[in-house]
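First listed ligand is number 1; within each ligand, the first listed atom is number 1. Every heavy atom of this structure was used, including side-chain atoms; hydrogens, water molecules and symmetry mates were not.
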Amino acid sequence: MGSEEPIIVFKSKVTTYVMACWILAAFGGLMFGYDIGISGGVSGMDDFLIKFFPRVHERKMHANENNYCKYDDQLLQLFTSSLYLAALIASFFASRACTVLGRRLTILMASTFFILGACFSAAASVLWMLILGRILFGIGVGFGNEAVPLFLTEVAPAQHRGAVNILFQLFVTIGIFIANLINYGTSTIHPHGWRISLGMAAVPAALLLVGSLIITETPSSLVERGHEDKGKSALKRIRGVDDVDAEFRQIVVACEQARQVKKPFQKLFKRSGIPPLTVAICIQIFQQLTGINAIMFYAPVLFQTLGFKSDASLLSSVITGLVNVGSTFVSIYAVDKIGRRKLLLEACVQMIISQMAIGTILLTHLKDQGSLDKVLAAVVVCLVCTYVMGFAWSWGPMGWLIPSEIFPVETRTAGFAFAVSSNMLFTFIIAQAFLSMMCHMRAFIFYFFSAWILVMGIFVVFLVPETKGVPIDMVEERVWKQHPVWKKFFDDDNKTKSHQMT
Ligand code: BGC
């Protein structure tokens, strides 16, 4: 079902400058990951709860409270999830900014919003300041998550595009891990430890800000905005060679077609826009329906539910954080060799087995009161690790990679905005609903996520094309128009072509 034609390789060298661009831009992932990792820990800290959510704190203190329900509080969940609502809306503005101002300036704006968010959150004395901080963080994430994966995909040589794009996800996982460590340290600093946790979000954002001043704009974005000469020199810089004519010609042709499209959002809903739009949106929604953020946001809370003490549960989430980082390297290594589809499918099997086993252990051994015995609790931690492993080398990175490489340049920023916002919407829904779902569904929640993983596996088998090694501006010709299901959406195009040839 992949592209059977030979891979076209344009000349390129990996210079220090090129690597610096990849890494500096990937700091956007650090910013996103830091926030994912910090929220859960902060919302488990007593000082924080007493100040902003006294009711939840009181409930937490009741030792006899139902295991599955002690953290169920809509306001507390809003603390975590409001960011994603803001990011959802911001990603559409970010799409416009990416097209009109370029990827680089959009990255700069992202880091600025995030720094402001860190200031408000760290200084918060009342709930509205805290929420405002979350909204500013959210705008930062919306702008960063739109611009950074696109930037990485556009500057990467086709044969390494998967690996370069996954640097974003690698930094997401490092961000989550660092945040877990920081929470582990600040949870013992009373009463303002949580302020340090939230305020330190400014550090990855400041790194991204500096990065955005050093990196080059992408050739596609420059040519798209009419700066052909600058586009060519940018391409020479990021390829590390002078002979870039063949690749440059391809970018110019793609951008010329793009310029004729005045309304990219309308083109996206035309027949030929449907295949990439469907795949991009579904991949992102499914990424969230794996249930990953139930673990990422609420790992400390979840482990406390299993009967770990506060410290031990933070430590367990540090372990899962480390597994998350380590397994992402597998993906960096494998994605351009074995391809996107095989990684996605293998992980579906691994994640279903892990989740079903967790669900079954909790169902049979964790009652509403009391806790799991030590051995079983350790088994659950191991199963969480195999689950996270599977996610980290598949749906995690592919969620950002595939949507960034399957649109033609004229609909790329608009299409990708739909992908980002679908991710944010479903992250919001899971963040907002998970604690209540756990309270109502109890251990069945793990079966619920497994069922979704089965659905997404079937989706991959029939509808996700392989994009390994295909130059980004040839994806429509070489991937969509050849796909057994999706090629029907290009019938008109294909007919016109065969007429021209006869
Ligand atoms: C997802 C996040 C998730 C993270 C975990 C990212 O790709 O978008 O929602 O928390 O991976 O590593």
Any donor-acceptor N or O pair under 3.5 Å, side chains Trp393, Glu346: yes

Under 3.5 Å side-chain donor-acceptor pair for Thr328 and Gln169: no

Short N or O distance, Thr427 and ligand 1, threshold 3.5 Å exclusive: no

Modelled atom types, side-chain donor and acceptor of Thr80 and Ser39, under 3.5 Å: no

Contact check, Gln288 vs ligand 1, heavy-atom distance below 4.0 Å: yes

Heavy atom of the protein closest to atom 12 (O) of ligand 1 (residue, atom name, distance): Asn324 ND2, 3.0 Å

Protein contact to atom 3 (C) of ligand 1 [nearest heavy atom, distance to 0.1 Å]: Asn293 OD1, 3.4 Å

Shortest protein contact, atom 7 (O) of ligand 1 (heavy atom only): Gln169 OE1, 2.6 Å

Sole residue of Phe113, Phe92, Phe32 in ring pair (Phe, Tyr, Trp, His ring centres under 6.0 Å) with Phe143: Phe113

Ligand 1 atoms in contact with Phe391 (distance to a heavy atom under 4.0 Å): 5 (C), 11 (O)

Salt-bridge contact Arg412-Glu154 (side-chain N to carboxylate O under 4.0 Å): yes

Taking atom 8 (O) of ligand 1 as the reference point, the nearest protein heavy atom with its distance: Gln287 OE1, 2.9 Å

Closest protein heavy atom to atom 5 (C) of ligand 1, given as residue, atom name and distance to 0.1 Å: Ile176 CD1, 3.6 Å

Nitrogen or oxygen atoms of Trp400 and ligand 1 under 3.5 Å apart: yes

Donor + acceptor pair across side chains of Thr427, Asn423 (<3.5 Å): yes

Enumerated ligand 1 atoms positioned under 4.0 Å from heavy atoms of Asn423: 8 (O)

Ligand 1 contact by Gly396, heavy-atom criterion under 4.0 angstrom: yes

Under 3.5 Å side-chain donor-acceptor pair for Thr320 and Tyr387: no

Side-chain H-bond candidate by donor/acceptor type, Gln159 with Asp336, under 3.5 Å: no

